[in-house]
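Each remark here refers to the structure printed beneath this line.
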Amino acid sequence: MSIRTLSRTRYDRHDHDRNGNFSGPAHMTDIAIIGAGPIGIELAVALKQANADYVHLDAGPVGTTMSWYPLQMQFHSNAERLAIAGVPIQTADQQKVTREEFLAYLRAVVLQFGLAIRTYEKVESIEKRGDVFELTTSKAKLHAKKLVIAIGAMHRPRLLGIPGEGLPHVSHYFHEPHMYFGQRLVIIGGKNSAIEAAIRCQRAGAQVTLCYRGEDFDASRVKFWLLPEIRSMLRDNRVRAILNATPAEIREGSIVLRTPAGLREEPADFVLSLTGYEQDTTLFERAGVEMSGDERKPVYNEETMETNVPGLFLAGTAIAGSPVGRVRIIVEDCHVHVQRIIRALGVGAEI
Ligand SMILES: Cc1cc2nc3c(=O)[nH]c(=O)nc-3n(C[C@H](O)[C@H](O)[C@H](O)COP(=O)(O)OP(=O)(O)OC[C@H]3O[C@@H](n4cnc5c(N)ncnc54)[C@H](O)[C@@H]3O)c2cc1C
């Protein structure tokens with residue numbers, strides 16, 4: 001049955017309590033989208049243009065994943081590959097898009113298409129009752145006939161599992177260099193995030209030591225404009241690198257590294273552990289979505305994006321699981337998901 005022929009939703013204001021939370025009977029919708037990253041938003045535009053009945057939820061603000069990127073970070077993807085819903089991205093300097101430009105762009109797309117997104121409303125569980133999905137969110141219960149999970153793949157840092165990792169001077173997110181001014185900063189990792197943090201923090205006046213398990217940086221995993229920069233900083237001893245080293249323990253004021261020459265303790269006022277991120281698979285487990293391999297990739301039909309759970313679709317980098325090696329699925333690979341889902345749902349108009 002086409003989604004167009006499913007019953008229309010009635011949105012009942014009496015479902016809210018005085019704090020604005022939903023409290024009454026569960027709201028019924030044809031389609032629920034979980035996740036308002038770029039791909040969730042692109043899908044919402046297509047559904048809105050097809051006049052479909054849908055509800056869109058996000059645990060945080062629009063573009064939550066990008067909001068915790070480092071300030072002024074430049075995407076490695078080109079603007080035209082990041083653009084969604086046919087809306088071009090223009091930058092002031094015709095260079096790569098920055099975090100700030102992309103967040104502003106996402107807000108503009110949401111406003112342009114008048115999208116209603118229930119932000120700061122996390123979906124905590126999904127249960128299928130007959131043909132209907134019951135979603136329990138941080139604010140309400142919601143029933144949906146079809147469900148699209150567009151939750152991305154970067155929910156939490158990949159932990160090293162060493163003592164001291166939870167100490168207050170240790171962070172798994174690099175947000176801005178200023179706080180490391182004049183500090184001894186040890187950065188764990190040797191890919192994009194770690195190299196970028198090392199360059200920026202050194203320039204902001206930190207004494208930076210990079211600690212990486214490889215014997216050299218892999219050019220294919222570092223933005224091409226960062227590699228010559230870090231090599232020059234290492235050559236001039238502006239940044240130190242300890243290669244072939246893995247962290248064994250973090251202590252107040254130091255980090256212990258395991259190196260081929262044995263254990264070595266390095267002073268550290270702050271430690272940035274930038275070793276990648278993992279997907280939270282709770283929703284997949286609750287909904288009964290099959291996952292495969294060590295990376296726990298959700299299984300889906302490539303033509304329709306539907307999973308083994310009938311009526312439950314995947315969009316965006318949510319298909320990635322938790323990659324053990326390099327991150328292979330990025331925004332530009334995911335625009336096609338929108339058309340596939342629109343076709344499979346039978347809502348008609350394609351963007
Ligand atoms: C530093 C850094 C740089 C990057 N640079 C690039 C780049 O140049 N190009 C590129 O393509 N990619 C890049 N990425 C990866 C990029 O973040 C993803 O490709 C992009 O965010 C994926 O979009 P998405 O819509 O699939 O998912 P996301 O943007 O991750 O959106 C998922 C959304 O789902 C929401 N959500 C999750 N769980 C729930 C829940 N239970 N209930 C409700 N909402 C939920 C989240 O809050 C989030 O808003 C980078 C990542 C990092 C960390």
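Note that the numbering runs from 1 along the sequence shown for the chain. Just so you know, ligand 1 is whichever comes first in the structure, and atom 1 is the first atom listed for that ligand. What you see is a predicted model; the values in this text were computed from it and never measured.
The N/O atoms of Ser193, backbone and side chain alike, include none that comes under 3.5 Å of an N/O atom in ligand 1. Considering backbone and side-chain N/O of Glu121, none are found under 3.5 Å from N/O of ligand 1. Of the N or O atoms in Ser77, one or more lie within a sub-3.5 Å distance of an N or O in ligand 1. The distance criterion of under 3.5 Å between nitrogen or oxygen atoms is not met by Ala153 with respect to ligand 1. Between Tyr277 and ligand 1, no pair of N/O atoms sits closer than 3.5 Å. An N or O contact shorter than 3.5 Å links Asp58 to ligand 1 by distance. Ligand 1 has no N or O atom lying under 3.5 Å from any N or O atom of Ile34, backbone or side chain. Backbone and side-chain nitrogen or oxygen atoms of Leu82 are examined, and none is located within less than 3.5 angstrom of a nitrogen or oxygen of ligand 1.
When heavy-atom distances to ligand 1 are checked against a 4.0 Å cut-off, Glu124 has no atom that comes that close, whether in backbone or side chain. Contact annotation: for Phe75 versus ligand 1, heavy atoms closer than 4.0 Å belong to both the backbone and the side chain. With a 4.0 Å cut-off on non-hydrogen atoms, Ala315 does not touch ligand 1 at all. Residue contacts with ligand 1 for His155 involve side-chain atoms from C-beta outward but no N, CA, C or O (heavy atoms, distance under 4.0 Å). Of all the heavy atoms of Asp280, none lies under 4.0 Å from any atom of ligand 1, so neither backbone nor side chain is involved.
Assignment of Cys334 to the shell around ligand 1 is not supported, since no heavy atom sits closer than 4.0 Å.
For the pair Tyr212 and Leu210, the minimum side-chain heavy-atom distance is 4.5 Å or more. Looking at Asp30 and Val347, their side chains never come closer than 4.5 Å, going by heavy atoms from C-beta outward. Counting heavy atoms from C-beta on, the side chains of Arg81 and Val331 never come closer than 4.5 Å. Inter-residue side-chain proximity for Phe217 and Leu243 is flagged as met; some heavy-atom pair is nearer than 4.5 Å.
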What verdict does the side chain to side chain contact (heavy atoms under 4.5 Å, CB included) test give for Lys145 and Met28, after you've listed the backbone C-alpha separation in whole Å, the side-chain angles of each residue and the deciding distance to 0.1 Å? CA-CA 8 Å; Lys145 293 169 186 161; Met28 172 64 97; 4.2 Å; yes

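Here atom 23 (O) of ligand 1 lies nearest to Pro38 when heavy atoms of Gly35, Pro38, Ser125 are compared. Atom 2 (C) of ligand 1 has its nearest heavy-atom neighbour, among Phe174, Tyr69, Tyr120, in Tyr69. Of the listed residues (Met66, His76, Lys96, Glu42), the one carrying the non-hydrogen atom nearest atom 21 (O) of ligand 1 is Met66.
With ligand atoms numbered from 1 in the order given, ligand 1 contributes 27 (O), 30 (O), 32 (C) to contacts under 4.0 Å with heavy atoms of Gly152. Annotation for ligand 1: atoms under 4.0 Å from non-hydrogen atoms of Ile39 are 25 (O). Close contacts of ligand 1 with Trp68, meaning ligand atoms under 4.0 Å from a residue heavy atom, involve 53 (C). The contact set between ligand 1 and Leu283, taken as ligand atoms under 4.0 Å from a residue heavy atom, comprises 41 (N). Taking every heavy atom of Gly316 and a limit of under 4.0 angstrom, the matching atoms of ligand 1 come to 26 (O). Atom numbering of ligand 1 starts at 1 in the shown order; those under 4.0 Å from a heavy atom of Ala150 are 32 (C), 33 (C), 34 (O). Interface atoms of ligand 1 facing Met73, defined by a heavy-atom separation under 4.0 Å, are 1 (C), 2 (C), 3 (C).
Using a 4.0 Å cut-off between a side-chain N of Lys or Arg and a carboxylate O of Asp or Glu, Glu306 and Lys146 do not qualify as a salt bridge. Note on Arg129 versus Glu134: salt bridge recorded, some NZ/NE/NH1/NH2 to OD/OE distance being below 4.0 Å.
Across Ala153 and Gly321, no two heavy atoms sit closer than the pair CB-O, 3.5 Å. Minimum heavy-atom separation, Ala268 to His169: O-CD2, 4.0 Å. For the residue pair Ile149 and Ile126, the shortest heavy atom distance occurs at CD1-CD1, 3.8 Å.
Arg296 and Ser322 form no side-chain donor-acceptor contact under 3.5 Å, judged by distance and modelled atom types alone. Neither side chain, Glu42 nor His337, offers a donor N or O lying under 3.5 Å from an acceptor on the other.
Note on ring orientation: taking the six-membered ring where Trp is involved, the planes of Tyr180 and Phe174 are tilted (angle from 30° to 60°).
Considering Gln74, Glu196, His76 as possible partners of Lys223, the one that fulfils the side-chain hydrogen bond (donor to acceptor under 3.5 Å, both in side chains) test is Glu196.
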